[in-house]
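Right, one structure below, let's go through it.
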Amino acid sequence: MKTLSTLFMGLASIVVLLPIVVVSAAALNGGRSMLFPPQDPTLSRFAEFFLTEPVWRTAMFHSAIIAIGSAALAVLIAWPLAYGLWKNRGKASKVLAGLGAMPFALPPIVFGVGLGFFWGFSGGLGAIWSGIISHAVLFLALPLVTISIGLQSIDRAHLDAAATMGATEKVIFRTIILPQMVPYTASGFFFALVLSFNEFIVMFFVSSSAYSTVTLQIFNSLRNGFTPTMAVAAITFILVSVAVFSLVARFGDLPRLMGADQSKS
């Protein structure tokens, strides 16, 4: 059984790593075609993506602004929802939390079309700020879940003890709740950031071709065929995701965030 598990994990690793190896090698092509093995290997496509091509640099800037802004906004919205649900456990809090998580459960095409009509009527179609709000609403469920998990992990006996010693609600929040919630809040922020950075469908409808993110620029560049610069963009997505999830695994409670029951370990 152990041998079978080892073989399965080895096969799974090959299936995951092989496309990454192919894409990484394709980014080294010296020509304008994405070939494997690469021909005339060079790093010029990386310089083109990050330095010399204004189209890709602008797209990268837009992706970063939208990802960081939407993740921060999602955390700001998720905190009062999660805290109210944990503190009061009333029907209103549950309804608000459910509404907050609903966009993430909808098919992206449905949510994107709906947002396209909404921003078209309200005058926000094609604006960066509407893209930030759209992704914040779409990925609100992620910080909402991580913050809720963190709040549930707080021992209420500590809160009762602090209240018995005369601590006010503000003091309890600042000295007990908030310090324990930092890794869960950061995890929710980074989860939303990574998915926003990689998201295409909703941004396609919301941007209305007024600006391009990296994902939209990849789609626009397909008119000229598959180019090595697209592979560089794909590598950037991979590196950002690996870096973020490594930070979450290092400083956050990743097993608990993934739903593991640590009481059985």
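Small disclaimer: the values here were computed from a predicted structure and weren't measured.
- Looking at L142 and F104, their side chains come closer than 4.5 Å, going by heavy atoms from C-beta outward.
- When the side chains of ILVMFWY residues are joined at heavy-atom separations under 4.5 Å, either directly or via intervening members, M60 and L43 end up in a single hydrophobic cluster.
- No more than 12 heavy atoms of other residues, nucleotides or ligands sit less than 6.0 Å from atom CZ of F61.
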### Task
In sequence, state the C-alpha distance, the side-chain angles, and the governing distance for F173 and W86, and then conclude on ring-ring contact (aromatic ring centres under 6.0 Å, His included).
CA-CA 13 Å; F173 181 82; W86 175 74; 9.2 Å; no

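- Both L106 and L138 belong to a common hydrophobic cluster when Ile, Leu, Val, Met, Phe, Trp and Tyr are linked at side-chain heavy-atom distances under 4.5 angstrom.
- I133 and L76 fall into different hydrophobic clusters, where Ile, Leu, Val, Met, Phe, Trp and Tyr are joined by side-chain heavy atoms under 4.5 Å apart, directly or via other members.
- Y211 places a side-chain heavy atom less than 4.5 Å from the side chain of I66.
- Relative orientation of the F245 and F191 rings is tilted, given thresholds of 30° and 60° on the angle between their planes.
- Residues I176 and M165 do not share a hydrophobic cluster, clusters being chains of Ile/Leu/Val/Met/Phe/Trp/Tyr side chains in contact below 4.5 Å.
- Residues S196 and A67 share a closest heavy-atom pair of OG-CA, 3.3 Å.
- When all heavy atoms of A82 and I147 are compared, the closest pair comes out as CB-CG2, 3.6 Å.
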Donor-acceptor pairs under 3.5 angstrom involving side-chain atoms of residues 228-237: please list them, not counting sequence neighbours.
residue	atom	partner	partner atom	Å
T229	OG1	E48	OE2	2.5
T236	OG1	V232	O	2.9

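- Linking ILVMFWY residues whenever their side-chain heavy atoms come closer than 4.5 Å, directly or via other members, leaves I20 and F197 in distinct clusters.
- Atom-to-atom distance recorded for M203:CE and L115:CG is 9.5 Å, nearest 0.5 angstrom.
- Between the OG atom of S246 and the CZ atom of F190 there is a distance of 11.5 Å, given to the nearest 0.5 Å.
- Scanning all heavy atoms of the two residues, the minimum distance from V202 to S134 falls at CG1-CB, 4.4 Å.
- Of all heavy-atom pairs between V194 and V240, the closest is CG2-O, 4.5 Å.
- Here the CG-OG distance, from L18 to S13, works out to 12.0 Å after rounding to the nearest 0.5 Å.
- Environment of CZ in F219: sparse, with no more than 12 heavy atoms of neighbouring residues, nucleotides or ligands closer than 6.0 Å.
- Residue F117 places its CZ atom among 12 or fewer non-hydrogen atoms of other residues, nucleotides or ligands, all under 6.0 Å distant.
- E199 CD to S70 OG: the interatomic distance, rounded to the nearest 0.5 Å, is 9.5 Å.
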### Query
Does the pair F50 and F46 meet the rule for a ring-ring contact (aromatic ring centres under 6.0 Å, His included), with working shown?
CA-CA 6 Å; F50 290 105; F46 289 86; 7.1 Å; no

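- L151 has its side chain within reach of I177: a pair of non-hydrogen atoms, C-beta onward, lies under 4.5 Å apart.
- Relative orientation of the H135 and F139 rings is perpendicular, given thresholds of 30° and 60° on the angle between their planes.
- You'll find the side chain of F111 reaches within 4.5 Å of the side chain of V137, heavy atoms only.
- Among all heavy-atom pairs drawn from S130 and G124, the shortest one is OG-O, 2.7 Å.
- The distance from atom CG of N198 to atom CG of L193, rounded to the nearest 0.5 Å, is 9.5 Å.
- Taking both residues in full, the closest heavy atoms of S212 and N220 are given as OG-ND2, 3.3 Å, listed atom of the first, atom of the second, then distance.
- Using a 4.5 Å cut-off between side-chain heavy atoms of Ile, Leu, Val, Met, Phe, Trp and Tyr, M9 falls into a hydrophobic cluster with F8.
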### Task
Decide yes or no on side chain to side chain contact (heavy atoms under 4.5 Å, CB included) for I109 and F205, but give the supporting numbers first.
CA-CA 9 Å; I109 187 72; F205 290 99; 3.5 Å; yes

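- In this structure, W119 and W129 have perpendicular ring planes: the angle between them is above 60°, well past the 30° mark.
- Residues I77 and L73 have side chains in contact (heavy-atom distance under 4.5 Å, counting atoms from C-beta outward).
- Atom CZ of R57 and atom CD of Q217 lie 12.5 Å apart (nearest 0.5 Å).
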